[in-house]
Amino acid sequence: SQGQFPITQNVTVVEGGTANMTCRVDYNDNTSLQWSNPAQQTLFFGDKKALRDHRIELVRASWQELTIRISDVSLSDEGQYTCSLFTMPVKTTKAYLTVLGIPGRPEITGFTKPAMEEDVITLTCTTSGSKPAANIRWFRNDKEVQGTKELNATGKSFTVRSSLQFEVDKRDDGVAYTCSVEHESLSKPYMTTEVLEVHYAPHLEITHSLIIPQEGQYFKLECVSIGNPPPEPVLWSKDGGELPDIERMIVEGRELTITTLNKTDNGTYRCEASNHLGTSSAEYILYVYDPNALGHHGPDHALIGGVVAVVVFITLCLIIVFGRYLARHKGTYLTHEAKGAEDAPDADTAIINAEGNHVHAEEKKEYFI
């Protein structure tokens with residue numbers, strides 16, 4: 001009957017783990033169940049063990065179920081297992097056991113310590129033993145970069161390599177290159193990190209403690225350098241020669257301090273440093289100001305001139321606007337007052353006849369007599 005067909009499920013397990021293989025029937029008239037491996041070797045017939053393999057154990061055996069356990073699963077255990085119900089004819093069902101090969105922890109090769117600026121290097125990350133093939137990703141600090149992948153099969157597992165080639169720059173000094181291996185058998189990626197060390201020639205700059213150096217002030221120059229190895233020592237000079245006043249001009253490492261500035265300190269100061277890859281220098285021109293002269297400086301004529309120009313411009317704009325306003329309204333007034341006077345025989349009559357002046361005609365007449 002239909003209820004006598006065995007029922008199974010495919011199983012996936014990580015290499016070294018444990019797989020439970022279960023076979024069930026809904027109806028059984030006292031007929032035995034049997035599990036066989038991919039090589040068609042009988043593992044269990046009912047509750048009777050047929051294959052001598054200490055890794056394979058019986059979990060449950062009844063007329064409706066046969067469950068076995070395979071411990072310490074290896075890649076060679078992968079394949080199609082068969083559950084048989086010994087009716088006439090025999091009824092069988094297949095179940096596939098998938099074994100995941102765990103990738104080995106990645107290794108990075110190709111690092112040259114130290115690397116030289118402008119060198120072309122190739123970093124290679126390798127992981128082996130994965131099934132299916134693992135995925136490799138590269139990161140430069142926290143930013144992902146693309147590598148070139150290579151895949152090789154070794155039996156049922158894979159060896160995966162990814163290479164990263166680039167020209168070394170001084171900005172690579174101290175950069176962490178990380179190889180990340182991802183696989184379905186891992187709860188989180190395996191990661192390996194190497195920090196690149198780059199040697200490069202020095203570059204120097206001079207910073208100063210005062211914007212406007214004045215006589216009597218304390219003044220400091222610092223020779224800021226980048227380079228690997230760090231350029232040492234730092235040599236200070238003035239106007240192409242040695243520092244003239246070692247009592248006031250104190251050198252401590254990369255710093256030159258002048259305790260009390262005066263006019264004799266004017267000149268060009270130079271710092272120089274080197275490593276095995278080269279030499280660099282930087283210069284600073286010092287001009288010491290007289291604090292009294294600075295204190296008696298007149299007002300800022302440019303600023304005052306700008307303010308005056310703005311005021312004049314605004315005044316001219318107002319005069320023009322006001323003049324136009326007066327001209328417009330004066331014309332209207334004269335035109336309005338002259339209405340009705342153009343046909344008058346004389347001036348008195350014109351004033352009397354003008355619109356708006358009938359009431360005060362006599363007063364107007366007296367005014368012109």
Side-chain angles (χ1 to χ4, degrees), residues 114 117-118 141 169-175 197-325:
E117 189 174 17
E118 298 183 356
N141 287 336
D169 185 87
K170 61 185 175 185
R171 290 171 294 183
D172 289 312
D173 186 36
V175 169
E197 181 185 358
V198 181
H199 281 190
Y200 55 96
H203 174 74
L204 275 60
E205 292 182 358
I206 295 178
T207 62
H208 49 89
S209 61
L210 296 175
I211 298 176
I212 303 178
Q214 302 177 41
E215 287 183 285
Q217 288 185 322
Y218 178 92
F219 186 63
K220 180 186 292 186
L221 294 175
E222 182 178 359
C223 189
V224 180
S225 63
I226 58 171
N228 195 18
E232 295 288 354
V234 173
L235 302 177
W236 285 97
S237 61
K238 179 178 181 290
D239 297 331
E242 296 183 355
L243 297 177
D245 191 343
I246 59 174
E247 293 184 358
R248 287 189 310 109
M249 299 180 177
I250 302 170
V251 176
E252 293 180 342
R254 301 178 182 277
E255 295 181 350
L256 167 61
T257 302
I258 304 176
T259 56
T260 308
L261 287 174
N262 61 51
K263 287 288 187 179
T264 63
D265 298 325
N266 291 343
T268 300
Y269 291 79
R270 176 188 176 95
C271 71
E272 183 177 294
S274 61
N275 61 19
H276 69 280
L277 295 174
T279 300
S280 179
S281 63
E283 292 183 346
Y284 173 78
I285 299 176
L286 174 63
Y287 181 81
V288 181
Y289 291 85
D290 184 348
N292 296 322
L294 287 174
H296 288 86
H297 278 178
D300 192 336
H301 297 290
L303 178 60
I304 294 174
V307 173
V308 170
V310 171
V311 171
V312 169
F313 176 79
I314 294 174
T315 302
L316 288 175
C317 290
L318 291 175
I319 290 172
I320 293 170
V321 171
F322 187 66
R324 288 184 176 180
Y325 175 83

For a quick test of reading the model, state the closest non-hydrogen atom pair linking [X] to [Y] and the distance between them.
X      : Y      : answer
Ala273 : Pro231 : CB-CB, 3.7 Å
Ser237 : Gly241 : CB-O, 3.0 Å
Gly253 : Val234 : O-CB, 4.0 Å
Ile211 : Pro213 : O-CD, 3.5 Å
Ser280 : Pro202 : CB-O, 3.3 Å
Asp290 : Lys263 : N-NZ, 4.0 Å

Below 4.5 Å, heavy atoms only, C-beta onward: do [X] and [Y] meet side chain to side chain?
X      : Y      : value
Ile258 : Tyr269 : yes
Leu286 : Asp265 : yes
Phe219 : Ser209 : yes
Cys223 : Trp236 : yes
His208 : Tyr284 : yes
Arg171 : Asp173 : no
Leu204 : Val224 : no
Val288 : Gln214 : no

Checking side-chain contact (heavy atoms from CB on, under 4.5 Å) against Arg248, which of Leu243, Thr264, Leu261, Thr257 comes through?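 With Arg248 as partner, Leu243, Thr264, Leu261, Thr257 yield a single side-chain contact (heavy atoms from CB on, under 4.5 Å), made by Thr264.
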Atom pair [atom1] ([X]) and [atom2] ([Y]), whose distance is rounded to the nearest 0.5 Å:
X      : Y      : atom1 : atom2 : value
Lys170 : His199 : NZ    : NE2   : 15.0 Å
Thr260 : Glu215 : OG1   : CD    : 11.0 Å
Ile250 : Leu256 : CD1   : CG    : 9.0 Å

Evaluate whether atom [atom1] of [X] has more than 12 neighbouring non-hydrogen atoms of other residues, nucleotides or ligands under 6.0 angstrom away.
X      : atom1 : result
Leu318 : CG    : yes
Leu316 : CG    : yes
Glu283 : CD    : yes

Using modelled atom types and a 3.5 Å cut-off, is there a donor and acceptor pairing between side-chain atoms of [X] and backbone atoms of [Y]?
X      : Y      : value
Asn228 : Tyr200 : no
Lys238 : Asn266 : yes
Asp172 : Glu197 : no
Asp239 : Thr268 : yes

Can you tell which of Glu222, Glu205, Glu272, Glu232 makes a salt bridge (Lys or Arg N to Asp or Glu O under 4.0 Å) with Arg254?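 Exactly one pass, corresponding to Glu232.
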Just checking, is any N or O donor in the side chain of Ser281 or Arg270 under 3.5 Å from an acceptor N or O on the other one?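 A pair is found: one side chain offers a donor N or O, the other an acceptor, under 3.5 Å apart.
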Do Glu255 and Lys220 meet the salt-bridge criterion of a basic N to acidic O distance under 4.0 Å?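 Counted as a salt bridge, because a side-chain N and a carboxylate O are separated by less than 4.0 Å.
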